[in-house]
Number of protein chains: 2
Amino acid sequence: MNSATRDKIIRTAMDLFWVKGYNSTSISDILSRTQVHSGSLYHFFPGKQDVLIAVLETYRDEIDVGLLDHAWEGVEDPVEKIFALLNGYRTHLLTTDYQYGCPIGSLALELHEPDPRVRELIDRNFRNWVDAVENCLVEAADRFPRDLDRRALAEFILTIMEGAIMQARTAQDIGLFDRNVDVLREHLDLLMKQRAMQDS
Amino acid sequence: MNSATRDKIIRTAMDLFWVKGYNSTSISDILSRTQVHSGSLYHFFPGKQDVLIAVLETYRDEIDVGLLDHAWEGVEDPVEKIFALLNGYRTHLLTTDYQYGCPIGSLALELHEPDPRVRELIDRNFRNWVDAVENCLVEAADRFPRDLDRRALAEFILTIMEGAIMQARTAQDIGLFDRNVDVLREHLDLLMKQRAMQDS
DNA sequence: TTATTGGTTGAACAATCAATCAAGTCAGCT
DNA sequence: AGCTGACTTGATTGATTGTTCAACCAATAA
C-alpha cells in the first residue's frame with residue numbers, strides 16, 4: 001500500500017478541516033492541494049467521511065508527538081503543564097490571525113448529526129485530552145484538596161480551553177482568552193489554598 | 001411589506017440552523033419547510049447569508065423574551081438566575097436527544113471565515129449573554145469579593161456553558177454537563193467564602 | 001515473457017446547490 | 001375602471017458537489 005499518497009491526503013485534510021471546517025472543504029480542495037487525482041483518493045478512501053475518520057484517528061494516535069511533547073517542552077511542573085497546554089492554543093490563535101482554533105472542537109460543533117464512528121472518534125480525542133490533564137492533576141495531587149474530583153476538574157479545563165478559543169476567535173481579541181485562563185488560574189489557586197488549610 | 005412570509009422564513013431558518021447548522025441547511029430545506037417558493041425568499045433576502053444575518057439579528061433582539069424571561073421565571077436570586085440560565089440549555093439537550101445546543105456557539109465554530117457582519121453579530125450575541133450574566137453578578141455584588149472582575153467571570157460562565165454543551169453533546173452524556181456546572185458552583189462558593197472572610 | 005497487483009490518470013456523471021427571472025396575482029390607490 | 005407596486009409562482013440556470021470508471025502505468029513474481 002502506497003502510504004505516501006494516503007498520508008499526504010490525510011495531512012492536507014487535517015489542515016483544511018482545521019482552517020475551513022469539514023463541510024466547507026471540498027474533495028477538489030484536497031485534490032488540488034495534494035496534486036492527487038480523484039481516482040487515487042478514492043482508491044484509498046471509500047468516501048469523504050472516511051477521510052475525516054482517518055484524520056480523527058491520526059489526531060487520536062498522535063496526541064503525544066503532535067501536541068503534548070511540543071507544548072510541554074521544558075515544562076516540568078504539572079500545574080504549569082496545564083497552562084502550557086492552554087498557551088499552545090493561544091499561540092496558534094495569535095500567529096494565524098485567529099484562524100486555527102481547536103481542530104477537534106470545531107468539528108464537534110460543526111457536525112450536528114454525525115455518523116456514530118465520527119462522534120465516537122471526536123469523543124475519544126476529547127477523552128485523551130482530558131486524560132492528559134487529569135494526569136497532571138494526579139502528579140500535583142499533593143497540592144490540591146484531598147477529596148478533589150480530578151476527572152471533573154480536567155473536563156472543566158477542556159471546557160475552558162474550548163470556550164476561551166470560541167470567544168477569542170469570535171471577538172478577534174486575545175483578551176477574552178487571557179481573562180478566561182486568569183479565572184481558571186484563580187480557581188486553581190483557591191483550591192491549593194484550601195489544601196494548605198487542610199494541611200495546617 | 002408582507003412580513004408574514006419573511007418572518008416564517010426567519011423562524012424556520014432559526015430552527016434549521018440550530019439543528020443542522022448553516023452549511024448543512026439548504027435553501028430548499030427552508031423552502032420546503034415553509035411552503036414558500038424560491039422567488040419569494042429571494043424577494044426578501046438577497047442571498048442565503050442575508051437569511052443568516054436576519055436570524056442573528058433576531059436572536060440579538062429577542063434575548064429577553066426568547067431566552068431570559070423564560071429561564072428566569074420564578075427565580076429571584078441573582079446567583080440562582082445564572083444556574084437557571086445554564087439549566088435551560090441542559091433541558092434542551094435532554095429533551096431533544098442532544099440535538100439542540102447553543103445556536104450561537106454552533107455557528108461561531110462552524111463558520112470559519114465569516115463575513116464581518118456575521119462575525120460581529122455572533123459577537124454581539126455573545127456580549128449580550130455576557131451582559132445578562134454580568135448583571136446578575138452586579139445584583140449579587142455584596143456576596144462576592146470586592147475586587148472581583150465581574151466581566152471576566154461572566155465571560156468565564158459563557159465559556160463553561162459552551163464547553164459543557166460541546167462535551168455533553170459529543171459524549172451524549174449529561175454527566176459531562178453537570179460536572180462542569182458543579183465545578184463552576186464550587187468556584188462561586190469559594191469566591192463567596194472569600195467575601196465572607198473579608199467581611200469578618 | 002506473461003500475469004498480477006497496487007496505484008494513477010482524468011474525463012465523465014448524477015445530484016444538489018444557490019440564485020435568477022419572466023409571468024402572474026392581488027390589494028390598494030387615483 | 002385602470003394603474004401601480006408589493007408579493008408569488010415555479011421552471012430554469014450554471015456552478016459545484018461527491019463519486020465512478022475504464023484505461024493506463026510500473027514493479028514484482030511466476
Side-chain angles (χ1 to χ4, degrees), chain A residues 1-58 106-107 110-118 121, chain B residues 1-58 106-107 110-118 121:
Chain A
M1 174 150 81
N2 178 358
S3 65
T5 299
R6 198 185 123 96
D7 196 65
K8 188 160 54 166
I9 291 168
I10 293 177
R11 298 295 156 190
T12 302
M14 285 173 88
D15 190 63
L16 286 171
F17 293 166
W18 196 356
V19 197
K20 306 182 57 171
Y22 176 72
N23 284 309
S24 299
T25 299
S26 67
I27 294 284
S28 58
D29 284 337
I30 299 175
L31 297 179
S32 63
R33 275 262 289 253
T34 49
Q35 303 275 47
V36 163
H37 298 265
S38 64
S40 235
L41 185 147
Y42 283 96
H43 174 74
F44 293 106
F45 304 97
K48 188 186 179 188
Q49 182 180 262
D50 301 273
V51 177
L52 173 63
I53 288 175
V55 162
L56 290 170
E57 286 172 344
T58 305
S106 294
L107 291 170
E110 180 190 353
L111 305 168
H112 287 243
E113 289 151 328
D115 184 283
R117 283 174 299 165
V118 172
L121 276 166
Chain B
M1 177 151 84
N2 179 357
S3 65
T5 299
R6 198 185 122 95
D7 196 66
K8 189 161 52 167
I9 291 168
I10 293 177
R11 299 295 156 189
T12 302
M14 285 173 86
D15 190 63
L16 286 172
F17 292 166
W18 196 357
V19 198
K20 306 182 57 172
Y22 176 72
N23 284 310
S24 299
T25 298
S26 67
I27 294 285
S28 58
D29 284 337
I30 300 174
L31 297 179
S32 63
R33 273 264 287 255
T34 50
Q35 302 275 47
V36 163
H37 298 265
S38 64
S40 235
L41 186 147
Y42 283 97
H43 174 76
F44 292 107
F45 303 97
K48 189 186 178 187
Q49 182 180 261
D50 301 273
V51 177
L52 173 62
I53 288 176
V55 162
L56 289 169
E57 286 172 342
T58 305
S106 293
L107 291 170
E110 180 189 353
L111 306 167
H112 286 242
E113 289 151 328
D115 185 283
R117 283 174 299 166
V118 172
L121 275 166

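Chain letters run A, B, ... following the sequence lines, proteins first, then strands; residues in each count from 1.
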Roughly, in whole Å, what's the span from [atom1] in [X] to [atom2] in [N]?
X      : N       : atom1 : atom2 : value
F45(A) : dT20(D) : CZ    : C1'   : 18 Å
Q35(A) : dG10(C) : CD    : P     : 11 Å
L31(A) : dG18(D) : CG    : P     : 9 Å

Drop me the distance from [X]'s [atom1] to [Y]'s [atom2], to the nearest 0.5 angstrom.
X       : Y      : atom1 : atom2 : answer
R11(B)  : K8(B)  : CZ    : NZ    : 13.5 Å
H112(B) : S24(A) : NE2   : OG    : 7.0 Å
Y42(A)  : L31(A) : OH    : CG    : 8.0 Å
Q49(A)  : L56(A) : CD    : CG    : 10.0 Å

Heavy-atom check, side chain of [X] versus side chain of [Y], under 4.5 Å:
X      : Y      : answer
I10(B) : F45(B) : yes
N23(A) : Y22(B) : no
T12(B) : V36(B) : no

Does H37(A) put a side-chain nitrogen or oxygen below 4.0 Å from OP1 or OP2 of dT8(C)?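 So the side-chain polar atoms of H37(A) never come under 4.0 Å of the phosphate oxygens OP1 or OP2 of dT8(C).
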
Taking every non-hydrogen atom, the tightest pair across L52(B) and F17(B):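 So the minimum-distance heavy-atom pair works out to CA-CE1, 3.8 Å.
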
Salt bridge (charged side-chain N to carboxylate O under 4.0 Å, His left out) partners of R117(B), counting only residues at least two apart: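 Once residues adjacent in sequence are excluded, the partners of R117(B) under the salt bridge (charged side-chain N to carboxylate O under 4.0 Å, His left out) criterion are D115(B).
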
Quick one, which residues of residues 11-20 of chain B touch DNA chain D with a heavy atom under 4.0 Å?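 Of all residues in residues 11-20 of chain B, none places a heavy atom under 4.0 Å from DNA chain D.
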
What are the atom names and distances for every N/O pair under 3.5 Å that joins the protein to nucleotides 3-5 of chain C?
none

Applying side-chain hydrogen bond (donor to acceptor under 3.5 Å, both in side chains), which residue pairs with at least one partner in residues 25-41 of chain A are found, sequence neighbours left out?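 Counting only pairs at least two positions apart or across chains, the side-chain hydrogen bond (donor to acceptor under 3.5 Å, both in side chains) contacts touching residues 25-41 of chain A are D15(A)-R33(A), K20(A)-D29(A), S26(A)-S28(A), S26(A)-D29(A).
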
Indicate for each nucleotide in nucleotides 15-20 of chain C, in 5' to 3' sequence, whether protein heavy atoms under 4.0 Å reach the base (B), only the sugar-phosphate (S), or nothing (-). --SSBB

